Amino acid sequence: MSGIDETRWPSIEISSHRDAVRRLIDEHASKAIENEMVEKERLAIWSYRLLSWKPLLAVITSVIVAAIFATGALLFVSRSGVAVNEMAKEELKAKALAEVKRIISEVRILEESRQFSNDLSTAFELRDVNGNFLGMVTVSNASGEINWLFDATKDSSKKSVTANVRIGIEEATAIAENFLKEKGVNLEDYALESEPLVRRAMIGPPDDPKPAYSYEFNYRIQVDGLFVDPGMFDVVTGPVGTCFVGVSPEDGKITGFYIQESYLPFRDMARGEQKITKEEAIEIAVGEAKSEIADKDKIPVVKDSEIQLRYMVGKNNDLIPYWKVTVHYRNPDVDVSMVPEAASYGGGGQFFVNAVDGGIQGGAKFL
Amino acid sequence: MCVGPDYQEMELHIKDDIEAFGKLYVINYKRLFNYMLYNTGDIESALDLTAETFFKAFKFRDSFNPARASFTSWLYGIASKEIIKYFRCKKRDSALIDAYLSFPEDVEKARLSINREELEEARRQLELCDEFIDLSVTIRKLPVKYRKILTLRLVEDISFEEIASIFHIEVEAAKSQYYRALKKLRKTLLGVPTGRASTIKGKESISDMRVLEKEVE
């Protein structure tokens with residue numbers, strides 16, 4: 001150190017905090033992986049729709065070619081085309097504005113965001129009368145329906161949450177389900193993936209902080225009681241259905257939503273026969289983890305609550321049962337009598353074990 | 001600063017290899033925590049700021065560009081902004097000090113996981129550092145921009161080139177800011193004239209500063 005006597009200066013480390021932060025980063029990592037999967041599904045639906053539009057695109061192309069030859073009509077066609085486009089966009093905008101106002105009453109202006117728009121959907125920034133940014137929506141160009149809404153007024157820091165949960169879980173569930181039904185989602189084949197009441201923050205003075213909650217309903221398609229994931233070939237097969245609805249625990253208002261329906265005929269799809277047991281899946285995942293651990297002293301551990309039998313969609317539009325196994329790496333040097341047991345874990349990953357043949361179908365490592 | 005081929009290799013992969021991020025986290029945790037400690041003088045706040053910095057670094061790891069700065073410099077850049085936010089918030093309303101956090105829930109979880117004995121031991125260690133306590137109290141009276149640069153150079157032993165990359169300024173500007181910070185510190189400590197060649201006597205830490213001052217010149 002530059003002229004400073006280190007012995008008189010602190011060089012402190014609090015390992016329990018260090019490990020806790022690392023563990024929380026682990027959690028962020030696995031959430032990021034899940035979000036990536038949702039994003040993949042979103043991408044897949046666009047690709048899928050695009051594929052299904054191929055015949056339509058062919059017809060449009062023929063019309064355009066014919067129009068080019070009809071020189072006299074060319075000007076008229078292009079001008080009216082622009083007019084129709086503009087009109088369609090205005091209609092889309094007006095419909096979306098009316099819909100958005102039901103959720104965020106302050107919205108007055110919808111400003112198209114070209115950066116987030118594409119051939120299939122148009123994104124709009126939501127602004128109040130003074131032009132302040134309030135959120136964003138994407139609207140399907142085909143149906144005019146909003147398929148994603150982000151409410152920035154609710155999202156920013158603590159506004160979306162409240163220390164006082166005034167709406168009970170039954171009421172919040174009814175609000176979320178009715179909302180999805182209004183949007184045309186048939187919830188018959190969907191199930192909740194996680195507990196909806198989520199603690200989002202601690203608010204208030206540091207000496208008397210209060211937990212702040214939000215309701216987050218995450219639905220996913222289920223077949224035979226198993227959740228369905230997109231699998232490795234989702235761009236070919238199309239996405240699986242997932243929906244999200246946020247409900248304010250304070251007043252029951254919708255704070256955001258995301259709807260991604262699927263075109264897959266889940267009930268009629270062929271299912272692979274599960275042959276690998278839970279114990280065998282754990283053994284396979286642990287074996288795989290061992291081969292990947294750089295620090296050979298660490299012990300792979302699987303918690304019972306973190307293994308799930310699910311389906312993934314195969315490339316032939318069939319359902320492949322697989323075990324989603326989370327493996328944590330435990331450091332045997334950590335004395336669990338001194339620190340919380342959780343502090344002894346660092347690193348690990350998720351392994352997808354094919355429940356038909358025991359092969360590793362994929363996975364993701366985290367810290 | 002942490003250098004070496006392994007470190008640089010890990011830096012290249014933090015966006016897609018979470019394990020690489022984890023290794024860099026372990027390497028940098030202690031020094032970042034102590035940097036926060038020098039700046040705040042308070043163990044609890046330093047812990048929260050350290051956690052917040054790493055959560056932010058992880059969330060925005062895509063924005064890290066190894067061609068522009070090392071991972072450690074980038075981390076200190078985030079940390080410096082967090083310190084400014086912390087003091088701004090503290091000035092506004094010390095009762096709502098948590099309000100500046102972007103990850104309040106996670107920061108709190110990490111806080112709750114702290115081993116009490118370890119925390120007490122850290123407090124004892126801190127109490128033993130007389131010079132730190134004397135000098136850090138004075139350093140904390142300085143404007144934040146001086147405080148950050150003094151801590152980085154004086155305590156963390158970070159080169160002017162690195163400091164320049166952390167604050168996105170020229171190397172010469174980093175040197176002159178550091179020199180001004182030293183003068184300000186000297187003035188605050190002893191109330192002496194702040195001439196470039198003035199001599200400071202008395203405290204060992206101040207004589208250390210003379211060495212540093214020459215280094216700047």
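The structure displayed is predicted, hence computed values, not measured ones. Within every chain, numbering begins at 1; the chains are lettered A, B, ... in the order of the sequence lines, protein sequences first and strands thereafter.
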Heavy-atom nearest pair, F54(B) first then V21(A), reads CB-CG1, 4.3 Å
Among the listed options D106(B), L119(B), V107(B), the residue most often paired with chain A at heavy-atom distances under 4.5 Å: D106(B)
How many angstroms lie between atom CZ of R18(A) and atom CD of E118(B), to the nearest 0.5 angstrom? 8.0 Å
CZ (R22(A)) and CZ (F58(B)) are apart, to the nearest 0.5 Å, by 11.5 Å
Under the salt bridge (charged side-chain N to carboxylate O under 4.0 Å, His left out) rule, collect the residues that match up with R123(B), sequence neighbours excluded. E44(B), E120(B)
Could you measure the distance from the CG atom of D19(A) to the CD1 atom of I114(B)? Nearest 0.5 Å is fine. 11.5 Å
Residues forming a salt bridge (charged side-chain N to carboxylate O under 4.0 Å, His left out) with K56(B), sequence neighbours excluded: E52(B), E82(B)
Mind checking the NE2-CZ spacing from H17(A) to F33(B)? Nearest 0.5 Å is all I need. 8.0 Å
Does any non-hydrogen side-chain atom of F103(B) lie less than 4.5 Å from one of L24(A)? no
Please find the pair of heavy atoms, one from S113(B) and one from A20(A), that lie closest to each other, and give the distance. CB-CB, 3.4 Å
Taking everything shown except D62(B) itself, do over 12 heavy atoms lie less than 6.0 Å from its CG? yes
Does E121(B), at its CD atom, have more than 12 non-hydrogen atoms belonging to other residues, nucleotides or ligands within less than 6.0 Å? yes
Calculate, to the nearest 0.5 Å, the distance between atoms CG and CD1 belonging to N34(B) and I12(A) respectively. 6.0 Å
For the atom pair NZ (K30(B)) and OG (S15(A)), what is the distance rounded to the nearest 0.5 Å? 10.5 Å
